[in-house]
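Before I ask anything, here is the structure I am working with.
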Amino acid sequence: MSNLEIPVGLKELLQGYTVEVLRRKPPNLAEFAVQHFTLVLESQRKEQQSKKPSTNPEQKGVPFETDSNKPNKDDEEEEEKDSVSDILRSVAVCAEAYNPDDDKDDAEPQVVHPKTDQQRQRLQDACKDILLFKTLEKEQFSEILDAMFEVFVKPQEHIIDQGDDGDNFYVIEKGVYDIFVQKGGVSVCVGQYNNKGSFGELALMYNTPRAATIIATQEGALWALDRATFHRLIVKNNAKKRRVYEAFIECVPLLKSLELAERMKIVDVLGVRVFRDGECIITQGDRADCFYIVESGEVKIMIKTKTKTGQQNNTEVEVARCSRSQYFGELALVTNKPRAASVYAVGETKCLVMDIQAFERLLGPCMDIMKRNISQYEDQLVALFGHSDDLKH
């Protein structure tokens with residue numbers, strides 16, 4: 001046995017796996033090992049691919065596109081749409097293990113950029129729908145507003161460039177910004193931000209180079225948050241939240257079909273809301289903007305009945321209840337229609353909340369399951385009312 005030589009890289013490979021096990025504490029070590037090493041292998045393959053010669057000697061790390069590997073015309077548009085998502089998945093593999101109990105960042109002085117009342121109001125309006133901010137406590141959000149500073153941009157100005165180190169996270173107040181990614185030695189536009197949204201978080205969250213180039217198409221205004229403040233308030237908040245909720249998320253039946261990395265992304269975007277007994281969580285007829293998972297407590301789903309002439313009255317009938325690890329609010333998001341029912345808390349109820357943008361981006365693989373459940377809802381309505389028009393209209 002003493003003559004056996006340890007293969008190069010084995011120690012580092014096993015150390016990486018051990019760190020992730022200690023950090024995530026998965027219930028099934030064998031299953032987690034398969035997922036972990038699959039991601040490592042995908043990352044290595046992409047790294048090898050990036051080292052192939054390129055058509056332009058100035059473009060380093062871009063694979064040479066031959067006739068044999070060139071995407072066909074039918075698939076090219078779909079591939080371009082997916083390229084940003086592919087980058088998201090690949091950089092997540094490189095994410096550094098982060099210990100939320102490490103408080104070195106807290107020793108850094110709080111950054112404050114003075115603002116007029118008008119500026120702060122504009123900033124609050126720009127940030128009110130930003131997904132990363134929705135899970136923060138009130139004091140944390142206020143500190144972020146203090147630290148952000150205004151950036152004015154000109155047409156064709158590069159806000160960030162693919163491959164650069166990340167310095168700031170940006171929230172859009174106004175302007176149109178094109179998203180470019182290098183594909184086959186060519187810079188391809190894969191999307192656009194139009195007067196709303198945010199960008200630049202990936203490089204800061206995962207300590208990786210910029211995954212895309214963002215170019216302003218017109219004069220615009222941005223609000224920027226520096227790397228240190230972003231890491232201290234947002235990255236640390238997400239790490240703590242993962243520790244609290246990753247075990248719970250694995251117990252949600254709807255999400256069992258997702259890979260571990262996909263479930264962790266869901267944890268990162270979840271907010272938490274507590275409702276009092278009898279409090280209305282969703283109102284029938286309202287526009288849909290959120291999806292809910294019950295963490296504790298219970299909710300009852302109520303639908304307004306109709307008269308014999310088809311007119312809706314104010315009498316509500318209970319059609320279902322949801323308890324721990326069950327979800328609700330997906331119907332209107334899947335059908336793109338107003339809320340088909342009202343939902344009330346039964347006792348004090350705690351829910352995890354995901355907004356519509358994250359729902360559409362992260363829960364695509366679960367759509368078939370949700371559609372099957374919608375069919376079950378329709379069957380319940382038929383049994384209760386003799387029709388299911390409440391869902392269809």
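Along the sequence shown, residues carry numbers from 1.
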Spell out, yes or no, whether F248 and L363 are grouped together once hydrophobic residues are joined by side-chain heavy atoms under 4.5 Å, including indirect joins. yes
Test item: K350 side-chain N/O and E348 main-chain N/O as donor-acceptor pair under 3.5 Å: no
Apply side-chain contact (heavy atoms from CB on, under 4.5 Å) to residues I234 and L225 and explain how you reach the verdict. CA-CA 11 Å; I234 295 179; L225 180 66; 4.3 Å; yes
Whether K256 side chain and E250 backbone form a donor-acceptor pair below 3.5 Å: yes
With rounding to the nearest 0.5 angstrom, report the CG to CE distance, N207 to M205. 10.5 Å
Minimum-distance pair of heavy atoms, taken over all atoms of A221 and Y177: N-OH, 3.5 Å
Does any part of the side chain of I301, heavy atoms only, come nearer than 4.5 Å to the side chain of V343, both counted from C-beta? yes
How close do A345 and D277 get, counting heavy atoms only, and between which atoms? O-OD1, 3.7 Å
Would you mind writing out the side-chain donor-acceptor pairs for residues 141-152 within the sub-3.5 Å range, not counting sequence neighbours?
unit_1	atom_1	unit_2	atom_2	d
E143	OE2	R232	NH1	2.7
E143	OE2	R232	NH2	2.8
D146	OD1	R120	NH1	2.9
D146	OD1	R120	NH2	3.2
E150	OE1	Q119	NE2	2.9
E150	OE2	R122	NH2	2.1

Roughly how far, to the nearest 0.5 Å, is CG of L204 from CZ of F169? 8.5 Å
Check the pair V181 / V188 against side-chain contact (heavy atoms from CB on, under 4.5 Å), numbers first and verdict last. CA-CA 5 Å; V181 174; V188 178; 5.7 Å; no
Quick one: salt bridge (Lys or Arg N to Asp or Glu O under 4.0 Å) partners of E298, sequence neighbours excluded? R321
Verify same cluster id: Y327, L362 (apolar side-chain graph, 4.5 Å): yes
Is there a donor-acceptor pair under 3.5 Å between the side chain of R263 and the backbone N or O of L258? yes
Could you list the donor-acceptor pairs under 3.5 angstrom formed between side-chain atoms of residues 286-297 and any protein atom two or more places apart in sequence or on another chain?
unit_1	atom_1	unit_2	atom_2	d
E295	OE1	Y245	OH	3.3

From V171, I214, I179, residue fulfilling side-chain contact (heavy atoms from CB on, under 4.5 Å) relative to F199: I214
Calculate, to the nearest 0.5 Å, the distance between atoms NE2 and CG belonging to H113 and D226 respectively. 6.5 Å
Interatomic spacing from CD in E330 to OG1 in T335 - rounded to 0.5 Å: 9.0 Å
Per the side-chain hydrogen bond (donor to acceptor under 3.5 Å, both in side chains) rule, what does the pair list look like for residues 186-201, sequence neighbours excluded? D178-Q192
Output the distance between atom CG (N336) and atom CG (L331), rounded to the nearest 0.5 Å. 10.5 Å
Identify the two heavy atoms, one from A340 and one from I303, that lie closest to each other, and give their separation to 0.1 Å. O-CG1, 3.8 Å
Using the rule that Ile, Leu, Val, Met, Phe, Trp and Tyr join whenever any side-chain heavy atoms are under 4.5 Å apart, tell me whether V235 and L136 fall into a single cluster. yes
P209 and G163: which non-hydrogen atoms are nearest, and at how many Å? CB-O, 3.4 Å
Audit row: R210, D161, side-chain contact (heavy atoms from CB on, under 4.5 Å) steps and yes/no: CA-CA 7 Å; R210 294 295 195 187; D161 287 294; over 6 Å; no
When every non-hydrogen atom of C322 is compared with those of F328, the smallest separation belongs to SG-CB, 4.2 Å
How would you list all residue pairs meeting salt bridge (Lys or Arg N to Asp or Glu O under 4.0 Å) that involve residues 211-221, not counting sequence neighbours? none
For the residue pair Q121 and D125, confirm or rule out a side-chain donor-acceptor distance under 3.5 Å. yes
Kindly work out whether a path of hydrophobic side-chain contacts (I/L/V/M/F/W/Y, heavy atoms less than 4.5 Å apart) joins V299 to V346. no
Heavy-atom closest pair (R227 atom, A203 atom, distance to 0.1 Å) is NH2-O, 4.0 Å
Starting from V274, can I reach L352 by hopping between I/L/V/M/F/W/Y residues whose side chains sit under 4.5 Å apart? no
Counting only heavy atoms from other residues, nucleotides and ligands, does the tally under 6.0 Å from NZ of K115 exceed 12? yes
What's the spacing between I266 CD1 and L255 CG if we round to 0.5 Å? 4.5 Å
Which residues, ordered by chain and number, are linked to Y344 in its hydrophobic cluster, where ILVMFWY side chains connect at heavy-atom gaps below 4.5 Å, directly or through other members? M302
Does any N or O in the side chain of Q182 come within less than 3.5 Å of the main-chain N or O of Q162, such that one atom is a donor and the other an acceptor? no
Enclosure of D164 CG (heavy-atom neighbours >12, cutoff 6.0 Å): yes
Apply side-chain contact (heavy atoms from CB on, under 4.5 Å) to residues L270 and V353 and explain how you reach the verdict. CA-CA 5 Å; L270 288 174; V353 186; over 6 Å; no
